[in-house]
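Just so we're on the same page: letters track the sequence lines, and every chain starts at 1.
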Amino acid sequence: MAEEKSKNFIEEIVEEDLRTGRVKEIQTRFPPEPNGYLHIGHTKAMCIDFGIAEKYGGKCNLRFDDTNPEKEDVKYVNAIIKDIKWMGFDFGDRVYYGSDYFDKLYDYAVELIKKGLAYVDDLDADQIREYRGTLTEPGKESPWRNRSIEENLDLFERMKNGEFESGEKVLRAKIDMASPNINFRDPVIYRIKKEPHHRTGDKWCIYPMYDFAHPLQDAIEGITHSLCSIEFANNRPLYEWFLEKLEIPNPPRQYEFARLNITHTVLSKRKLRELVEGGYVSGWNDPRMPTLSGLRRRGFTPESIRNFIDLIGISRTNSVVDWGLLEHCVRDHLNKVADRRMAVLRPVKVVIENYPEDLVEEFDVENNPEDPSKGTRKVPFSRDIYIEEDDFMIDPPRKYFRLKPGGEVRLKNAYFIKCTGYETDENGKVTLIRATYDPASRGGESPDGRKVRGTIHWVSAKHAIDAEVRLYDMLFNVENPDDVPEGGDFKDNLNPESLIVLKNCKLEPSLKEAQPEEKFQFLRLGYFCVDNVDSRPDALVFNRTVGLKDTWAKIASK
RNA sequence: UGCGGAUUGGUGUAACGGUAGCACGACUGACUCUGGAUCAGUUUGUUGAGGUUCGAAUCCUUAAUCCGCAGCCA
């Protein structure tokens, strides 16, 4: 008996609508504006829009909300499509564009004029703002508000025909300049922009505003539930107003949910752009960016992201989710699917002095203890090996289970070795460790029941392949990057150690064929993924997605 | 001092008048050829004040705090 997962408020609404028969099939839409790259905040909307449709056997359209030619571009539509597909959501052949409906939208505007519900205004932008009033004071009516229907029709057509310059005139809905909801103070619904559009070219020089376009686009596509974020709640009455005045049958309904915030990062297009353009990161797909392309390059999986969104739930409460939960989700997934490999990131050489100099042995090592079906691989062993600098200490604290002078440790899947000596340079840095091995411990078994607490990873020196490894950490070192003293800036909180590049890391030879975006767990270190931009077959680059939980680090820091 | 929305452990989210639960985190312990994983357990919460009720996170009143809205952006 699977336990019942409680429903979120949107699912309750949908189920109620299905039950009462208000709708017979669910139709949603995911409406990104093609003016930037998708980030994990958009993923929440994506999961809700596609997820609700998926769950209730309905459909979700991808619709580009492209009503502002100044800001939008095809390069974004292609990137967005790529990201949605990567996330695994299905929009079939239903890729629509708000601009596909410009003709229909124009007709609706004409209809509004004919009903005496829209007028052409000659006020300029500044004047419109002045006339709008303030939050506490009502606005006042434009002197052009009461033009005749005929005159409005004529003017609007001439706007369309390009007889006026950009900004010279607008079409406004005629509602109520004294409304307590500012959105009702005769909102602009069409503006003149003599700009080519990325899809309609020069056909139009007037473009509809979001508030007018969105409900009608939804209606045209037969959307049943128009799901959006909470800042549109104030616009909902206006959304409904257009549908009502234009007498749209079975009108779509809008519901709002809180947008996603995550600690230690920023999720605003403006700020992300600032990071890219200021060179604080390498680009929109920098592995530290919360963009989908960045997360992908970092090694996050679509499954882990979807699970994350699932775990955080949906509500109308503003909230900030801990970045740690995202990390938990990716560890959880990668633990199950990522093959294990051995890699030494900060190598120090160990010479096993009683091991034959020319001997090479191969050990069978399991690829994933969580999944025996992943089988085993051969890992070569020889006299000279590399181990992690951190895995040897001359004068260790209590509870340090790794290698130390006179101490014994297990080399994972190989032998027990005992440290017999070491060499240091002038700075006291260990340059070489001498050891002996116990031939009876072959395979890592303790033949006499001898207890060895520590097990460390290693790579055979003569078989190792070199690679660059990029250690990524949180982009900001504070929970809320915007938390800065007077005159400060979110960029002041950038984590200077969000990227540490390690060259000459030593990897086990089976990694030679690793492909871009292939993911591994480097034993005892974390999850790593082949970089999809800079890695080359003869010069591998790995990105650290996330470290393993590190209990020792916690103990050591106490 | 306009209108709209919100407030449950450290964080996120359930409970729809009847035992405040789940997840993440934190902390114990067990186990372990990854100080990973796994397993067992502990910890912390209904914004305040009144009221209705046998019984309130839930209903009512009131207060506080936070968020959004004054683009020819979406």
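- Atom name P, nucleotides B:G5 and B:C24: the rounded distance is 34 Å, in whole Å.
- When each of B:C73, B:A37, B:C3 is scored by its nearest atom to the side-chain atoms of A:P180, the top-ranked nucleotide is B:C3.
- Between A:K7 and A:E15 there is a salt bridge, since a side-chain N of the basic residue sits under 4.0 Å from a carboxylate O of the acidic one.
- Phosphate proximity of B:A26 to A:K554: present, with a side-chain N or O under 4.0 Å from OP1 or OP2.
- Nearest-nucleotide positions on RNA chain B for A:P208 and A:N318 put A:N318 closer to the 5' end.
- Comparing B:A20 with B:U43, their P atoms are spaced 15 Å from each other, to the whole Å.
- Residue A:H457 forms a side chain to side chain donor-acceptor pair (under 3.5 Å) with just one option from A:K412, A:E388, A:E508, and that option is A:E388.
- A:K418 NZ: 12 or fewer foreign heavy atoms inside a 6.0 Å radius.
- Summarising the geometry, the separation between CD on A:E231 and P on B:A70 is reported as 11 Å, rounded to the nearest angstrom.
- In this structure, A:R316 does not reach the B:C67 phosphate: none of its side-chain N or O atoms is under 4.0 Å from OP1 or OP2.
- Side-chain contact of A:Y239 with A:D218: a donor-acceptor pair under 3.5 Å is present, judged by distance alone.
- A straight line from CZ of A:F184 to C1' of B:A70 spans 16 Å, rounded to a whole angstrom.
- With a 3.5 Å ceiling on both atom-pair distances, the Watson-Crick or G-U wobble partner of B:A40 is B:U28.
- Stacking between A:W552 and B:G35 is shown: the ring centroid lies under 5.5 Å from the centre of the six-membered base ring, and the planes differ by under 30°.
- Look at A:R331 and you won't find any side-chain N or O under 4.0 angstrom from OP1 or OP2 of B:U38.
- The side chain of A:T317 places no N or O atom within less than 4.0 Å of a non-bridging phosphate oxygen (OP1 or OP2) of B:G12.
- Here B:G35 is the nucleotide among B:G35, B:C24, B:G12 with the atom lying nearest to any side-chain atom of A:I555.
- Backbone-only engagement by A:S315 is indicated by non-hydrogen atom pairs under 4.0 Å involving sugar-phosphate atoms exclusively.
- Under the side-chain contact (heavy atoms from CB on, under 4.5 Å) rule, A:F528 has a single partner from A:L334, A:L345, A:T545, which is A:L345.
- Each of A:G324 and A:L525 was matched to the nucleotide of RNA chain B holding its nearest heavy atom; the match closer to the 5' end belongs to A:G324.
- Computed from coordinates, the A:I230 CD1 to B:C3 P distance equals 19 Å when rounded to whole Å.
- With B:U1, B:G36, B:C72 as the choices, the nucleotide that has an atom nearest any side-chain atom of A:T136 turns out to be B:U1.
- In this entry B:G71 has no Watson-Crick or G-U wobble partner, no candidate having both defining distances under 3.5 Å.
- Here B:C24 presents its P atom at 15 Å from CD1 of A:I312, a figure rounded to the nearest Å.
- The phosphate of B:A37 (OP1 or OP2) has a side-chain N or O of A:K549 nearer than 4.0 angstrom.
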Self-check item: Per-nucleotide protein contact string for nucleotides 15-21 of chain B, where B marks a base within reach and S marks sugar-phosphate only (heavy atoms under 4.0 Å, - for neither)
Solution: SB-----
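- Considering only the side chain of A:M209, B:C73 comes nearest among B:C73, B:C24, B:G36.
- The nearest whole Å value for the distance from the CD atom in A:E445 to the P atom in B:U32 is 13 Å.
- A close approach under 4.0 Å does not occur between any side-chain nitrogen or oxygen of A:R236 and OP1 or OP2 of B:G4.
- Checked by distance alone, A:E370 brings a side-chain donor or acceptor within 3.5 Å of a matching partner on the base of B:G36.
- The listed nucleotides are B:A14, B:G25, B:A74; the one nearest the side chain of A:H328 is B:G25.
- Contacts of A:P369 with the nucleic acid, taken as non-hydrogen atoms under 4.0 Å apart, include base atoms.
- Between A:T455 and B:U34 there is no side-chain N or O to OP1 or OP2 distance below 4.0 Å.
- Below 30°, between 30° and 60°, or above 60°: for A:F156 and A:Y106 the angle between ring planes is below 30°, a parallel geometry.
- At whole-Å resolution of the value, CG in A:D126 and P in B:A70 are 16 Å apart.
- For A:N234 and B:G68, a side-chain-to-base donor-acceptor distance below 3.5 Å is present, hydrogens and geometry of angles not being considered.
- B:U8: no Watson-Crick or G-U partner with both key distances under 3.5 Å is found in any strand.
- In this structure, A:I182 places its CD1 atom 6 Å from C1' of B:C69, rounding to the nearest Å.
- The aromatic rings of A:H39 and A:H42 lie tilted to each other, with the angle between the two planes from 30° to 60°.
- Residue A:N68 is classed as a sugar-phosphate contact, given heavy-atom separations below 4.0 Å to backbone atoms only.
- Applying the 90° criterion around 0 to the glycosidic angle, B:G4 comes out anti.
- Without hydrogens or angle criteria, A:K44 side chain to A:A258 main chain gives a donor-acceptor distance under 3.5 Å.
- Whole-Å rounding puts the A:E137 CD to B:C69 C1' distance at 16 Å.
- For A:S166, no side-chain nitrogen or oxygen approaches OP1 or OP2 of B:C72 to under 4.0 Å.
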Check residues 312-321 of chain A and write down every donor-acceptor pair under 3.5 Å in which the side-chain atom is one partner and the other belongs to a residue at least two apart or another chain.
residue, atom, partner, partner atom, Å
A:S315, OG, A:T317, N, 3.2
A:R316, NH1, A:E256, O, 3.2
A:R316, NH1, A:E256, OE1, 2.9

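- Pairing for B:U62 goes to B:G48, judged as Watson-Crick or G-U wobble with the two contacts each under 3.5 Å.
- At least one side-chain nitrogen or oxygen of A:R132 sits closer than 4.0 Å to the OP1 or OP2 atom of B:C72.
- A:R377 CZ: more than 12 foreign heavy atoms inside a 6.0 Å radius.
- Checked by distance alone, A:R129 brings no side-chain donor or acceptor within 3.5 Å of a matching partner on the base of B:G71.
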